[in-house]
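Naming: A, B, ... by sequence-line order, numbering from 1 per chain. Note that these values count all heavy atoms, side chains included, but never hydrogens, waters or copies made by symmetry.
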Amino acid sequence: MPDLPPPRAPLVRETFLVRGVVQGVGFRPFVYRIACREGLVGFVRNDGAGVTIEVEGLPAALDRFAAALRAETPPLARVHGVERAPQPPRGDEDAFRIVASATGGGRDTLISADIATCADCLRELHDPGDRRYRYPFLNCTNCGPRFTIIADLPYDRPNTTMRGFPMCPDCRAEYEDPLDRRFHAQPTACPACGPRLRALLPDGSRSAESGDPAGVGDPVGIALACLRGGGIVALKGLGGYHLACDAASETAVARLRERKRRDEKPFAVMARDVDAIRAFAAVEEREAALLASRERPIVLVRKRAPFPLADGVAPRNGWIGALLPYTPLHDLLVGEGGVGGPLVMTSGNLSDEPIVHDDAVAVRALGPIADILLVHDRPIHVRADDSVARVVGGVPRHLRRSRGYVPAPVFLARAGARSVLGVGAELKGAICLTRDDQAFPGQHLGDLKYAETMDFFEESVAHLQAVLGVCPSLVVHDAHPDYLSTRWALERAGLPTLAVQHHHAHVLSCLAENGHDGPAVGLALDGTGWGPDGTTWGGEVLVVDGLSMRRVAGAKPLPMPGGDRVTDEPWRMAVAALADAFGGPALDGLADVPPLRDAPAQTLRGVRALLAGPMAPRLPRSSGLGRLFDAVAALAGVRQVVRYEGQAPLELEAAAGDADLDVARPYPWQTLPDDDRQVIDFAPAIRAIVDDVRAGRSAGDVSARFHRTIVDAFAAAAEQAARAAGLDAVALTGGVFQNHLVMTGLVRRLESAGLRPLTHAQVPANDGGISLGQAWAGILALGERGARES
Amino acid sequence: MKQTSIQLGHGSGGQWTHDLVREVFLRHFDNEWLRPLGDAAHLPALGGRLAMTTDSFVVSPLFFPGGDIGSLAVNGTVNDLAVGGALPRYLTCGVILEEGLALDDLERAIASMAAAAVAAGVVIVAGDTKVVERGHGDGIFINTAGLGVLREDWPPVRTPQPGDAVLVSGTVGDHGAVVLSSRSGVELSSDLRSDCASVFGLVEALFTAGVTPLFLRDPTRGGLAGVLGELADDAQLEVRLEESALPVRAEVAGVCDVLGVDPLHLANEGKVVAVVPGDQAQRALAVWRARADGAEAALLGDLGAGRPGRVTVRTRYGGARILDRPVAEPLPRIC
């Protein structure tokens with residue numbers, strides 16, 4: 001009688017289909033490890049849908065495997081869904097294998113954003129015994145460049161800017177070892193085979209190269225010497241060039257400002273770790289976590305007083321943008337053995353133009369600014385500026401969403417029948433492309449009115465399409481006829497188009513990222529956006545239901561004497577607000593009020609003539625709250641002329657400090673019924689502010705009272721709109737919601753009124769988030785997936 | 001005529017009309033072709049190909065420093081012929097008058113028209129007068145049609161290409177700034193004057209000097225930005241301007257600053273924009289600068305193949321902004 005095998009549980013087999021960011025992030029080796037650990041056989045492979053796994057073994061082992069798949073995912077992976085299905089056992093496998101890609105990566109895969117150097121790589125960087133000791137381009141499947149070096153799908157080395165660097169045998173061995181951290185790490189490199197750093201003189205001639213047998217010097221050493229001597233270094237980073245100098249040196253910072261022609265706009269500062277940042281700024285726990293996150297954004301934190309760094313870093317500003325090193329090169333500069341203190345780290349560009357990423361352009365554009373250029377031969381395929389974030393109300397909020405976050409998707413409430421491209425607004429350009437139920441906001445572009453930025457816009461459109469593997473069938477643009485993004489959509493895109501009004505798109509953006517697929521009240525508070533009634537909007541209470549929008553209340557429009565010029569000269573809006581509140585002739589009696597006292601006499605005469613003259617009824621009028629903030633900043637004596645966009649409202653907010661709005665008394669305002677909406681008139685507030693200013697009240701007091709007024713007025717308007725429409729969701733959107741006092745004040749007031757405020761956390765509340773709302777509008781316009789044409 | 005202002009009867013076709021035509025229009029325009037006051041002017045044969053154009057003029061205020069609606073109505077049409085490669089010869093004059101217009105104002109405008117015609121070397125050979133009720137016009141509307149003889153060497157043998165140079169014959173925005181200034185009540189300087197004049201001499205001077213213009217336009221409505229935009233679109237090239245080369249009078253810049261408008265969007269009524277082969281740029285500039293009406297001519301930039309259809313302005317700091325070309329009135333856009 002033959003021996004029978006001992007009785008045991010029958011083998012089972014299952015497939016796991018894993019969707020999300022699961023390629024190029026070490027996911028297959030991770031699956032390999034847990035499958036081997038649980039004694040399973042089968043295989044894992046990348047395919048068009050993500051990662052497909054088949055495992056066979058004991059049922060309990062399969063369950064443990066499934067749990068580990070969820071719980072132990074590699075740091076860069078983002079699992080969006082796992083589908084399990086039983087299969088008949090095969091019984092003919094002896095091991096678990098990683099098999100070749102079925103399709104080499106298809107249209108449903110997601111590529112990773114660029115990620116800060118991981119702890120393992122940092123350890124190697126500083127380990128004298130490691131073959132990558134002090135090698136500025138080391139990376140692995142858990143970190144390093146991605147989005148900015150990938151030209152096309154599938155994500156394989158030949159489709160990245162690493163194509164020119166054949167792997168040496170050591171790197172190749174790591175790359176092919178499923179248990180190595182660098183298994184299929186496409187950008188992996190070492191000093192023997194990878195990119196090299198070079199130090200160039202400002203004229204582009206070579207100063208030193210890493211690994212140079214002639215041994216003329218170490219590029220990092222040359223850069224450090226330059227920085228220590230108060231010099232300026234242009235360094236090639238992940239998404240573009242930076243300009244760096246000693247943040248503690250007043251003369252170095254002043255020289256950088258002069259050469260870069262950047263008067264007052266704050267510079268960001270990079271320091272070795274959070275403790276080093278705490279030496280010059282107060283960092284709360286959530287801010288510390290955001291600083292140290294692998295996305296490594298610039299985080300706005302409160303400056304310490306006295307401020308131990310150069311005052312010129314962020315003059316007249318209570319806040320400073322801080323960030324931690326995110327490439328090995330940064331770490332060599334500010335980390336252990338580096339320059340020893342924090343560095344100014346600002347985009348390498350001419351004021352207002354996009355960040356420089358091309359080496360030849362760098363020498364031409366940055367050579368005149370820098371004393372040394374620290375360059376390398378790994379090309380940047382597509383630019384991405386540093387992201388900028390601020391913790392408001394305990395939640396990290398994007399001010400600029402770019403490197404580290406792009407191309408992570410925003411998940412939508414439903415899938416689009418076809419892909420949609422939103423082209424954004426103009427001043428803070430950013431596009432958004434959809435694929436199924438995901439929207440992919442592109443990187444921050446800048447002011448599209450610059451030719452270089454418009455070129456960047458076109459690059460961004462082409463690149464996002466390439467890496468997502470989709471072509472849009474609808475282009476959604478702002479209703480402003482002259483925005484260059486509108487012109488591009490209508491004249492160059494060659495696709496069907498849809499116009500969505502600016503603030504409607506703002507509200508849809510907020511609803512889209514909150515997965516809110518229904519009607520809502522929207523508070524759209526920003527500077528200026530084209531309105532269909534011929535005025536410019538920006539202080540609006542809207543009721544939005546998909547593609548329909550009703551304007552139910554909003555700030556009273558004020559004339560803008562000088563059109564867009566008023567944004568450079570807030571005193572002009574103050575004069576307009578005074579003329580509105582007191583009547584033009586009464587301005588003669590207000591000559592002591594700061595805007596009338598400090599404005600240049602001839603221009604002031606012209607502006608007053610304009611407001612009183614025959615063209616007054618035809619002046620552009622704006623209900624934009626940004627303009628009201630400008631006016632109050634000027635009235636309070638905070639700022640009459642700005643040197644960078646948004647400076648006046650920012651400084652007005654800073655003047656209030658951490659004022660308790662519950663204590664501040666609101667200024668009076670009145671609500672006037674118009675044809676079909678409530679008009680919120682702040683003229684009584686303007687009169688009261690003049691009284692306060694004349695009574696010698698501080699700018700901080702005026703600012704706190706004004707903020708309270710805005711919160712009260714719009715909370716009341718939102719409540720009324722919500723009650724009338726039978727809604728509870730209120731979307732808070734527009735650049736004004738970058739303001740801490742307005743955001744926290746309104747959220748609290750709406751919540752205590754039993755309403756549900758929806759805020760931005762995935763895209764900026766400013767115009768950088770508009771394209772998401774446009775894209776969502778496009779999806780709504782195209783109908784649901786069920787309508788897909790075969 | 002005993003009346004001091006235009007009345008509906010002046011448009012009746014009766015005696016008042018007859019008197020108005022004789023005592024105002026014919027008296028100022030008098031010439032052998034107009035004098036018979038027939039239904040059509042009989043003109044002698046003109047050698048060569050003809051060019052014809054028409055333009056209507058509405059402007060508020062009617063009279064402004066440096067010009068008025070009369071000189072504008074002549075020079076506007078003369079300049080369209082001139083930059084169209086023609087020698088301007090004959091004009092017509094149709095007027096629509098608003099009831100209540102002061103006869104003195106009419107007379108002043110018509111005298112100015114006559115003077116401008118003499119200065120431009122054209123003859124007004126036919127006309128028409130209509131009167132509309134008060135409130136249905138803006139004082140005076142004028143339409144002029146113009147007939148000219150085309151140059152044999154026009155249109156040019158080739159279209160503009162990369163490397164060609166872009167020139168303007170003088171300061172930009174003068175006329176628009178004058179009109180905006182008086183319309184808005186923002187009057188900062190008494191030195192502001194419209195540039196209203198014939199540009200035929202400027203055009204002719206180029207050809208005489210052996211320059212071969214490839215594109216000629218008078219930057220009226222829409223300003224320099226409008227004309228260069230059309231150039232960029234038509235040629236499918238990038239028009240690249242140097243900000244530092246743009247000639248703008250300080251008085252114009254002052255008005256533009258208060259109003260928040262770009263002088264490149266303001267109308268000009270006596271300027272020419274020319275594209276010439278790159279190697280003729282300096283000669284063209286010298287020819288213009290030698291003339292009183294071209295003393296402030298400037299080489300603005302050149303044409304490139306980089307960004308077809310765009311006009312870019314290289315700033316003093318080396319960046320390039322895209323010149324705004326509003327589809328209608330300039331609208332605020334900052335957020």
Side-chain angles (χ1 to χ4, degrees), chain A residues 261 349-353 364-365 368 425-428 447-455 480-484 487 491-492 502 526-530 536 538 560-567 572 602-603 605-607 609-610 612-616 619-620 622 624 626 645 734-735 766-767 770, chain B residues 60-61 177 179-189 192 225 229 232-233 236 238-241 243 250-251 253-262 265 301 304 306-335:
Chain A
R261 299 173 207 283
N349 58 2
L350 292 162
S351 289
D352 300 330
E353 295 232 319
R364 204 170 62 236
E426 181 165 278
L427 190 62
K428 292 181 167 68
D447 184 351
L448 300 187
K449 282 194 293 301
Y450 286 83
E452 270 276 316
T453 319
M454 208 53 216
D455 295 346
H480 197 306
D482 296 329
Y483 274 177
L484 287 158
R487 294 287 186 85
E491 293 165 14
R492 289 171 191 262
H502 193 84
D526 71 351
T528 298
W530 183 92
T536 54
M560 298 163 72
D564 283 341
R565 195 63 61 99
V566 301
T567 57
R572 293 188 191 231
Q602 175 169 307
T603 320
R605 209 161 49 240
V607 162
L610 195 57
M615 244 169 61
L619 287 177
S622 171
E645 190 253 330
N766 62 40
D767 280 9
I770 282 247
Chain B
S60 171
V179 171
L180 264 186
S181 167
S182 57
R183 229 184 264 172
S184 64
V186 176
E187 292 176 53
L188 300 177
S189 164
L192 211 55
D233 276 342
Q236 275 304 295
E238 178 180 351
V239 178
R240 305 184 295 199
L241 309 182
E243 188 172 61
E251 309 87 71
V255 171
C256 287
D257 176 49
V258 170
L259 295 172
V261 295
D262 186 337
H265 289 143
R307 301 175 176 103
R310 286 204 192 138
V311 182
T312 55
V313 184
R314 216 159 68 115
T315 66
R316 289 170 173 81
Y317 306 140
R321 69 183 164 87
I322 297 174
L323 185 59
D324 187 20
R325 289 153 60 192
V327 294
E329 292 271 299
L331 299 168
R333 54 208 291 153
I334 306 288
C335 292

Heavy atoms of R565(A) and G260(B) approach each other most closely as CB-CA, 4.2 Å

In short, A609(A) meets G185(B) closest at the heavy-atom pair CB-O, 3.4 Å

Whatever's closer than 4.5 Å to a heavy atom in chain B on R364(A) counts as neither

Heaviest contributor of heavy-atom pairs below 4.5 Å to chain B, chosen from V607(A), T603(A), L610(A), is L610(A)

Cut-off 4.5 Å, heavy atoms of chain B, and the answer for L448(A) is backbone

Applying salt bridge (charged side-chain N to carboxylate O under 4.0 Å, His left out) to E238(B) and not counting sequence neighbours gives R307(B)

Output for pair (I322(B) CD1, D447(A) CG), nearest 0.5 Å, gives 9.0 Å

More than 12 heavy atoms from other groups under 6.0 Å of CZ on R314(B) | no

Answer key: most heavy-atom pairs under 4.5 Å with chain B among R572(A), M454(A), E452(A) is R572(A)

Bottom line for P561(A): the part with an atom under 4.5 Å from chain B's heavy atoms is backbone

Applying a strict 4.5 Å limit to non-hydrogen atoms, the region of R605(A) in contact with chain B is neither

All heavy atoms of S184(B) vs all of P614(A), minimum pair found to be O-CD, 3.7 Å

Of the listed L323(B), T312(B), L259(B), the one with the largest count of heavy-atom pairs under 4.5 Å with chain A is L259(B)

Counting heavy-atom pairs under 4.5 Å with chain A, the top scorer among D257(B), V313(B), V186(B) is D257(B)

Q. What do the steps show when you test R310(B) against L484(A) for side chain to side chain contact (heavy atoms under 4.5 Å, CB included), and what is the final call?
A. CA-CA 11 Å; R310(B) 286 204 192 138; L484(A) 287 158; over 6 Å; no

The reported gap from NZ in K449(A) to CZ in R321(B) (rounded to nearest 0.5 angstrom) is 9.5 Å

